[in-house]
Structure formats: C-alpha cells, structure tokens
Amino acid sequence: MNLILKRFFKVFKKLIIGLLCFILVYVIATLVLSYIPVNTNAEKGDIVVYVNSNGVHTDIIVPVKNEVKDWTGQILYSETKANDTLAKYVAFGWGDKGFYLNTPKWSDLKASTAFNAAFYMGTSAMHTRFYKNVKQDDSCVKLTITKQDYEKLVGYIEKSFEYNENGETIWIANRSYGQYDAFYEGNGKYSLFYTCNTWTNNALKAANQKACLWTTYDKAILNKYK
C-alpha cells in the first residue's frame with residue numbers, strides 16, 4: 001500500500017510540476033509575442049473602422065454599408081430586438097459558443113464551460129451589434145484603412161461565419177445581451193491558443209493593420225495604437 005501511495009504522489013508531483021511549467025511558458029510566450037508588433041507602417045485610407053474592448057473581449061466595428069460591403073444582406077436588423085434600421089456601424093466578435101451564450105456575466109461562468117473553451121472542445125459563435133454612433137476613447141480606437149485592406153478585412157470576417165446550404169449566415173434565434181445585438185453560428189474552435197482576442201488580432205493582420213505577432217488578450221492589441 002505504501003509503495004502504491006509513493007508512486008501515486010510521485011506521478012502527482014510530476015503532473016503538478018508539468019502544469020506549472022506549462023503555465024509559466026504560456027504566460028511568457030503571451031507577453032513576449034504580444035509585445036512584438038507587425039504591420040507597423042500600415043497604410044492609411046478613407047474607410048473608418050474601430051477596435052473596441054469591453055475590458056476582456058475585443059470587437060471589430062465596421063460601416064454597416066459602403067461601396068465594398070453591405071452587411072445588411074447577412075446581418076439582419078430584424079434579428080435584433082430593436083430592429084433599428086438607422087444604425088451606421090456593426091461590430092463583429094468571435095468566440096466560444098458556450099462561453100458567449102451561457103456566460104453573460106463572469107458570475108455565470110461554470111467550470112465545464114471554461115474547460116471546454118480552453119481545450120478546444122466547444123464550438124464557436126459570432127456576436128454582432130449595431131451602433132448608430134461610435135465614440136473613440138481608451139477602450140475604442142479608430143483606424144482609417146484603404147479600400148483594398150478593408151476588402152481583406154471583410155473577407156476575413158465572412159470566413160468566420162458558418163453558412164447554411166443556401167450560403168446564408170445561421171442566426172442563433174432569441175439569444176442576445178441587449179436590444180441591438182445577435183448571435184450567429186461561427187466557424188472554427190476556441191482554445192487557449194486561439195481566443196476571441198486572437199481572432200481580432202488576426203483580423204487586423206489580415207487587413208495589414210498594426211497588430212501583435214500573437215496575443216490572447218485585449219490590452220496588447222489596444223496598446224499598439226497608443
């Protein structure tokens with residue numbers, strides 16, 4: 001019995017040490033790779049987009065419609081409670097579906113939801129929100145990009161949705177945080193290495209805008225525009 005216990009504690013000790021080493025490497029990699037900038041000489045243009053953070057999660061905010069893209073063909077006003085057709089901007093965010101739908105507040109977070117999200121076991125969703133106006137502040141930065149770069153951004157966002165057999169976005173009915181937002185089925189899976197903020201960072205990279213080499217948190221992205 002003592003031999004079995006000794007072996008158990010020996011294995012347990014190795015697991016704990018391995019876990020701590022993984023966490024340490026993960027934190028260091030996040031800090032270092034988030035610090036390294038890409039696209040530092042991004043070309044400026046006439047199309048205004050924003051990067052917004054709620055303190056944890058980032059969104060890309062773009063015009064509802066312009067010469068490049070009319071989002072109202074895919075993101076319907078009628079799929080929000082407000083059904084407000086006067087909105088000028090629409091925000092896009094990507095994330096774990098279970099986390100998005102079942103954790104509107106941190107107090108609602110369940111261990112099973114966090115585990116599934118962290119270890120590539122869930123599915124994803126796109127969160128959209130309409131805005132009449134967008135205010136630039138410490139948590140919302142304004143970018144002016146070229147038509148060519150916006151086309152690339154649009155393409156990136158479009159690929160983040162899942163589509164039905166008719167090529168339509170798949171609305172997750174009657175699930176929202178407020179009056180102006182809606183959820184849709186997403187493409188891809190969330191993990192420790194690909195978070196909602198990694199998605200935003202990659203969106204900026206796809207559009208040739210300033211971004212981190214790799215990151216998982218919002219402040220690293222916003223800091224590139226200070």
Check: Does the ring center of F130 lie less than 6.0 Å from the ring center of Y89?
Finding: no
Next item on the list: Could you point out which residue of N52, T195, T58 forms a side-chain hydrogen bond (donor to acceptor under 3.5 Å, both in side chains) with T200?
Entry: T58
Checklist line | Between Y184 and F92, ring centroids under 6.0 Å | finding: no
Next item on the list: For the pair K69 and E158, evaluate side-chain contact (heavy atoms from CB on, under 4.5 Å) and give the outcome as yes or no after the intermediate values.
Entry: CA-CA 11 Å; K69 178 70 176 180; E158 288 178 329; 2.7 Å; yes
Margin query: Please report whether the ring centroid of W94 lies less than 6.0 Å from that of Y194.
Written below: yes
Next item on the list: Treating Ile, Leu, Val, Met, Phe, Trp and Tyr as nodes and any side-chain heavy-atom pair under 4.5 angstrom as an edge, say whether I170 and F183 lie in one connected cluster.
Entry: no
Notebook entry, point to check: Is the backbone of R129 close enough, under 3.5 Å, to the side chain of D181 for a donor and an acceptor to pair up by distance?
Noted result: no
Margin query: Test your reading of the model: is there a side-chain donor-acceptor pair from T169 to the backbone of Q74, 3.5 Å cut-off?
Written below: yes
Next item on the list: To the nearest 0.5 Å, tell me how far T123 OG1 sits from K189 NZ.
Entry: 7.5 Å
Note to self: Could you report the tightest heavy-atom contact between V48 and K142, atom names first, then the distance?
What the structure shows: CG1-CE, 3.7 Å
Margin query: Check for me whether the distance between the ring centres of Y156 and W199 falls short of 6.0 Å.
Written below: yes
Notebook entry, point to check: Sub-3.5 Å donor-acceptor pair from the side chain of N164 to the main-chain atoms of G167, do we have one?
Noted result: yes
Notebook entry, point to check: Is a donor on one side and an acceptor on the other found under 3.5 Å between the side chain of K205 and the backbone of L213?
Noted result: yes
Note to self: Nearest 0.5 angstrom please: N201 CG to I221 CD1, how far?
What the structure shows: 4.5 Å
Checklist line | Heavy-atom check, side chain of H57 versus side chain of C196, under 4.5 Å | finding: yes
Check: Do the ring centers of Y131 and Y180 come within less than 6.0 Å of each other?
Finding: no
Item checked: Ring geometry between Y100 and H127 (parallel below 30°, tilted from 30 to 60°, perpendicular above 60°) -> tilted
Check: Would you find a donor on one side and an acceptor on the other, under 3.5 Å apart, between the side chain of T198 and the backbone of T215?
Finding: yes
Notebook entry, point to check: Just by distance, do the side chain of D96 and the backbone of G98 share a donor-acceptor pair under 3.5 Å?
Noted result: yes
Next item on the list: List in chain and number order the residues that pass side chain to side chain donor-acceptor pair (under 3.5 Å) with W214, two or more places apart in sequence or in another chain; answer none if no residue qualifies.
Entry: none
Next item on the list: Please report the closest heavy-atom contact between A87 and V64, naming both atoms and the distance.
Entry: O-CG2, 3.6 Å
Next item on the list: Output the distance between atom CD (E168) and atom CG (L76), rounded to the nearest 0.5 Å.
Entry: 9.0 Å
Next item on the list: Of all the heavy-atom pairs spanning Y225 and K210, show the shortest one and how long it is.
Entry: OH-O, 2.6 Å
Next item on the list: Report yes if the side chains of D84 and Y77 come closer than 4.5 Å at any heavy-atom pair, otherwise no.
Entry: no
Note to self: For the residue pair D149 / N208, report whether a side-chain donor-acceptor contact shorter than 3.5 Å exists.
What the structure shows: yes
Check: Side-chain heavy atoms under 4.5 angstrom apart, residues restricted to Ile, Leu, Val, Met, Phe, Trp, Tyr: same cluster for I145 and L222?
Finding: yes
Margin query: Do V56 and I61 land in one hydrophobic cluster if side-chain heavy atoms of ILVMFWY residues count as linked below 4.5 Å?
Written below: no
Check: Do V90 and L86 belong together in a cluster built from hydrophobic side chains that touch within less than 4.5 Å?
Finding: no
Next item on the list: Would you mind reporting whether Y50 and C140 have side-chain heavy atoms less than 4.5 Å apart?
Entry: yes
Next item on the list: Taking all heavy atoms of S34 and all of C212, pick out the closest pair and write down the distance.
Entry: O-SG, 3.3 Å
Checklist line | Non-hydrogen atoms of L204 and A211 that approach each other most closely | finding: CB-CB, 4.0 Å
Next item on the list: List the atom of Q209, the atom of E43, and the distance in Å for their closest heavy-atom pair.
Entry: NE2-O, 4.3 Å
